[in-house]
Amino acid sequence: MKGEIQRMKEVSLNAKRSGLMDFIEARIDLVMILFLLLIVAPLVYFVARSTVWAAIVPVGAAWAGLISKEVPQEKLITMGGVAQGLGLVVTLFGLGQVIGPAIAAHNVEMVGYGVSIKIEATITGLLISVILSAVSARLS
Amino acid sequence: MKRTFFIFIFLLLMAPYAFAQNETPVGASKILDANISVAKDLKIIVDGKEVKSDVPPLVKYGLVYVPVRFVSEAMNATVTWDEQHRVVKVSLGGKSIEFFIESSLVNVNSKDEKMLAPAFIYQDRTMVPLELTALNLGASVEKGKGTINIGLSKNQQAQTKTPSGVSLNMPNPPIIEYGVPLLWFIGLLFLFFTMFKEWLKNKNS
């Protein structure tokens with residue numbers, strides 16, 4: 001009787017595991033959005049020195065995925081593209097904000113510091129794009 | 001309805017740029033006021049060598065003003081710029097002087113003082129009074145006819161320019177500061193709602 005119960009538990013666990021794997025495979029886009037919002041965005045927000053500016057990138061990419069009506073795999077590519085683009089836009093905007101006044105004040109140190117900080121958004125965007133492309137490639 | 005929603009989102013995204021534009025300090029007064037004159041022929045000599053600035057020195061209320069970069073290059077002083085509070089700090093050795101742009105307040109070695117004419121921005125250069133800066137940094141100043149002699153002490157000459165704590169306290173526009181966490185939260189709710197919908201669909205099928 002005990003053995004029977006154990007076997008039934010194992011079957012039920014396997015079914016749950018297979019259900020979860022099916023869901024991950026079928027809706028990888030939602031999983032990646034969850035990853036971007038729950039892991040990447042807080043990580044970037046608390047680790048990056050440009051804080052909220054670099055965090056725009058994962059949040060923006062997640063939103064692109066949320067409003068997109070493509071199939072999951074295409075959605076990943078779109079999100080990657082949006083992350084890259086947003087990263088570049090945020091970096092250039094930040095550079096314009098920091099580098100302009102820094103050059104006007106002839107503060108070379110601030111120019112260097114500004115570049116090193118504002119580049120974080122581009123790096124975040126490119127990293128997200130690489131991860132999403134890799135996941136998408138793995139699924140095809 | 002959809003179009004209105006997207007126009008709203010677009011406007012929401014564009015708003016930070018408008019805010020940022022408004023918050024960018026526009027202190028660069030490019031117009032010479034009546035109290036400022038250009039002293040083209042004034043020679044500035046630091047330790048026996050004439051030092052030339054790309055912007056000619058200005059005279060305001062009888063004080064000779066030079067770009068802050070000139071001070072850092074000629075006297076080997078360290079200059080930091082605080083964008084948020086619009087403060088220029090010039091340090092040399094253990095001494096420092098802080099100018100508050102367009103304010104008569106000066107902080108000399110952590111002590112507040114009032115000065116005759118404030119530091120200002122001219123042609124995108126921060127102009128500081130040369131004599132006051134040099135004297136407060138421990139250099140000697142001698143005024144001759146059409147010349148200013150600045151003498152640096154030996155330990156000042158030996159001092160190398162070291163990078164100091166650069167202030168980058170740029171205030172973020174509130175729409176960015178609070179908008180991004182808000183978008184993150186709404187996105188998370190939207191995601192959980194989508195996942196719940198998916199789960200219901202799977203359950204029913």
Side-chain angles (χ1 to χ4, degrees), chain A residues 19-20 22-23 26-27 29-38 40-42 44-45 49-68 72 86 89-90 93-94 96-118, chain B residues 5-6 9 13 16-17 20-21 23-25 27-28 54 67-73 78-83 86 88 101 121 123-126 161-168 170 172-173 176-195 197-199 202:
Chain A
L20 186 69
D22 286 348
F23 176 76
R27 295 311 307 265
D29 55 328
L30 293 181
V31 176
M32 290 320 288
I33 294 169
L34 191 75
F35 167 73
L36 287 180
L37 287 177
L38 276 187
V40 180
V44 167
Y45 188 82
R49 286 180 299 170
S50 56
T51 58
V52 77
W53 289 99
I56 289 174
V57 177
V59 173
W63 266 98
L66 283 170
I67 59 168
S68 163
L86 261 180
V89 167
V90 169
F93 180 68
Q97 245 197 345
V98 174
I99 306 300
I103 291 172
H106 300 280
N107 194 336
V108 181
E109 291 167 37
M110 192 165 160
V111 172
Y113 189 63
V115 170
S116 74
I117 277 190
K118 295 297 172 186
Chain B
F5 175 72
F6 279 109
I9 292 289
L13 287 172
Y17 298 97
Q21 206 62 37
E23 287 196 2
T24 306
D54 51 343
V68 72
R69 189 189 183 188
F70 174 87
V71 177
S72 72
E73 281 179 356
T78 308
V79 176
T80 52
W81 167 250
D82 183 342
E83 178 66 34
R86 308 196 73 211
V88 182
I101 303 295
I121 293 175
Q123 288 186 350
D124 294 333
R125 308 285 168 89
T126 306
K161 232 172 135 184
T162 49
S164 55
V166 180
S167 172
L168 200 74
M170 300 277 290
N172 287 327
I176 288 285
E177 197 68 45
Y178 304 109
V180 175
L182 193 72
L183 262 182
W184 171 81
F185 184 67
I186 297 172
L188 213 57
L189 288 181
F190 193 169
L191 175 68
F192 286 135
F193 173 71
T194 316
M195 286 175 110
K197 233 168 60 176
E198 195 75 12
W199 175 75
N202 281 350

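Numbers restart at 1 for each chain; the letters A, B, ... are given by sequence-line order, proteins then strands. All of these numbers come straight from a predicted model, not from anything done at the bench.
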inquiry  = Test side chain to side chain contact (heavy atoms under 4.5 Å, CB included) on A:Y45 and B:W184; report intermediate values, then the result.
reply    = CA-CA 11 Å; A:Y45 188 82; B:W184 171 81; over 6 Å; no

ask   = Looking at residues at least two apart in the chain, or sitting in another chain, which of them share a side chain to side chain contact (heavy atoms under 4.5 Å, CB included) with B:L182?
value = B:I186

ask   = Once you round to the nearest 0.5 Å, how far does CG of A:L37 lie from CG of B:L183?
value = 10.0 Å

message = Show the nearest heavy-atom pair for residues B:F190 and A:I67, with the distance to one decimal.
response = CE1-CG2, 4.4 Å

message = One pair to check against side chain to side chain contact (heavy atoms under 4.5 Å, CB included): A:I56 and B:I176. What are the steps and the verdict?
response = CA-CA 9 Å; A:I56 289 174; B:I176 288 285; 3.9 Å; yes

ask   = What heavy-atom pair brings A:L34 and B:F192 nearest, and what distance separates the two atoms?
value = CD1-CE2, 3.8 Å

Considering all heavy atoms, the nearest A:V52-B:E177 contact = CG2-O, 4.2 Å

query = Looking at side-chain heavy atoms only, is the closest gap between B:P181 and A:V59 below 4.5 Å?
reply = no

Student check: side-chain heavy atoms of B:T194 and A:I33 closer than 4.5 Å = no

ask   = Which answer fits A:A41, side chain, backbone, both or neither, if we ask what part of it has an atom under 4.5 Å from a heavy atom of chain B?
value = side chain

